[in-house]
Engineer: 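Sharing a structure, written as structure tokens. Questions coming.
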Amino acid sequence: MSSVKKKVIVSACILGEHCRYDGKTKQIREITQALQGYEIIPFCPEAPLFGTPRERINLLHVKGKKRVVTDETKRDVTKVLEEEILSFIKLHPQVDRIVLKSKSPSCGYGTTPILNEKKEVVGTGSGIAATLMKKAYEGIIIEDELRFRTHNPNESD
Ligand code: SF4
């Protein structure tokens, strides 16, 4: 029998890393339990680029395109984030599972609020990392953290 463990990418903040914009974590203990037996690959594209704590970012629809823009200073950080995420994907070309944080402009999978330029919510979609991973890891289902949560199901990002 092969001893090579299956690999799972997991958003680092739900594993217990304090990598959120506010310096906090959103640890879900059930996740580490559920993924026993897997090689867990923590993933957070924002912290290495922007530091922690950092200015919040939002997912915006601008002229029909999805952009990631900082909340106060209005910097478009889409390109740097894409580069960071693509480098991560290149380092981990083969994975078996992906579990991502809900509602995040980077990690959210179908759960992230999409804003217009006046910061009004105009819809819900996937964050930039979830979108790129969906393309890169063909056939791998992206799971949302909420599926593992047995407490505070309404907790926000
Ligand atoms: S949601 Fe994703 S980008 Fe945001 S802190 Fe968690 S791991 Fe990092």
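Note that ligands are numbered from 1 as they come in the structure, with each ligand's atoms numbered from 1 the same way.
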Engineer: For Glu120, does the CD atom sit with more than 12 other heavy atoms under 6.0 Å from it, leaving out its own atoms?
Structural biologist: yes

Engineer: Residue-level breakdown please: for Tyr21 versus ligand 1, do any non-hydrogen atoms fall below 4.0 Å on the side chain, on the backbone, on both, or on neither?
Structural biologist: neither

Engineer: For atom 2 (Fe) of ligand 1, grab the closest protein heavy atom and report residue, atom and distance to one decimal in Å.
Structural biologist: Cys107 SG, 2.3 Å

Engineer: For Ser126, is there any backbone N or O sitting under 3.5 Å from a side-chain donor or acceptor partner on Lys66?
Structural biologist: yes

Engineer: Do other residues, nucleotides or ligands put more than 12 heavy atoms under 6.0 Å from the NZ atom of Lys7?
Structural biologist: no

Engineer: At a 4.0 Å cut-off, with the gap strictly under it, does some heavy atom of Lys24 reach an atom of ligand 1?
Structural biologist: no

Engineer: What residue and heavy atom of the protein are closest to atom 5 (S) of ligand 1, and at what distance?
Structural biologist: Cys19 O, 3.6 Å

Engineer: Take atom NZ of Lys135 as the centre, draw a 6.0 Å sphere, and report whether it contains more than 12 heavy atoms from other residues, nucleotides or ligands.
Structural biologist: no

Engineer: Under a 4.5 Å cut-off applied to non-hydrogen side-chain atoms, are Leu35 and Arg97 in contact?
Structural biologist: yes

Engineer: Under 3.5 Å, is there a donor-acceptor pair between the side chain of Glu143 and the main chain of Leu100?
Structural biologist: no

Engineer: Please identify which atoms of ligand 1 are closer than 4.0 Å to at least one heavy atom of Ser104.
Structural biologist: 1 (S), 4 (Fe)

Engineer: So if I count the atoms of ligand 1 from 1 in the order they appear, which ones are less than 4.0 Å from some heavy atom of Pro45?
Structural biologist: 3 (S)

Engineer: May I ask you to list the atoms of ligand 1 that are less than 4.0 angstrom from any heavy atom of Ala12?
Structural biologist: 7 (S)

Engineer: Does atom CD1 of Ile141 have more than 12 heavy-atom neighbours, drawn from other residues, nucleotides or ligands, at distances under 6.0 Å?
Structural biologist: no

Engineer: Return yes when at least one N/O/S atom of Cys44 is nearer than 2.8 Å to atom 8 (Fe) of ligand 1, and no when none is.
Structural biologist: yes

Engineer: Hey, looking at atom 4 (Fe) of ligand 1, which of Glu84, Lys26, Glu145, Glu46 has the closest heavy atom?
Structural biologist: Glu46

Engineer: Does any N or O in the side chain of Thr111 come within less than 3.5 Å of the main-chain N or O of Lys103, such that one atom is a donor and the other an acceptor?
Structural biologist: yes

Engineer: Out of all atoms in ligand 1, which are within 4.0 Å of some heavy atom of Lys101? Include the element for each.
Structural biologist: 1 (S)

Engineer: At less than 4.0 angstrom from any non-hydrogen atom of Arg54, what atoms of ligand 1 do you find?
Structural biologist: 5 (S)

Engineer: Among protein heavy atoms, which lies nearest atom 7 (S) of ligand 1, and at what distance?
Structural biologist: Phe43 O, 3.2 Å

Engineer: Rounded to the nearest 0.5 Å, how far does OG of Ser106 lie from OH of Tyr21?
Structural biologist: 13.0 Å

Engineer: Quick one: look up the protein heavy atom nearest atom 6 (Fe) of ligand 1 and list residue, atom name and how far away it is.
Structural biologist: Cys13 SG, 2.3 Å

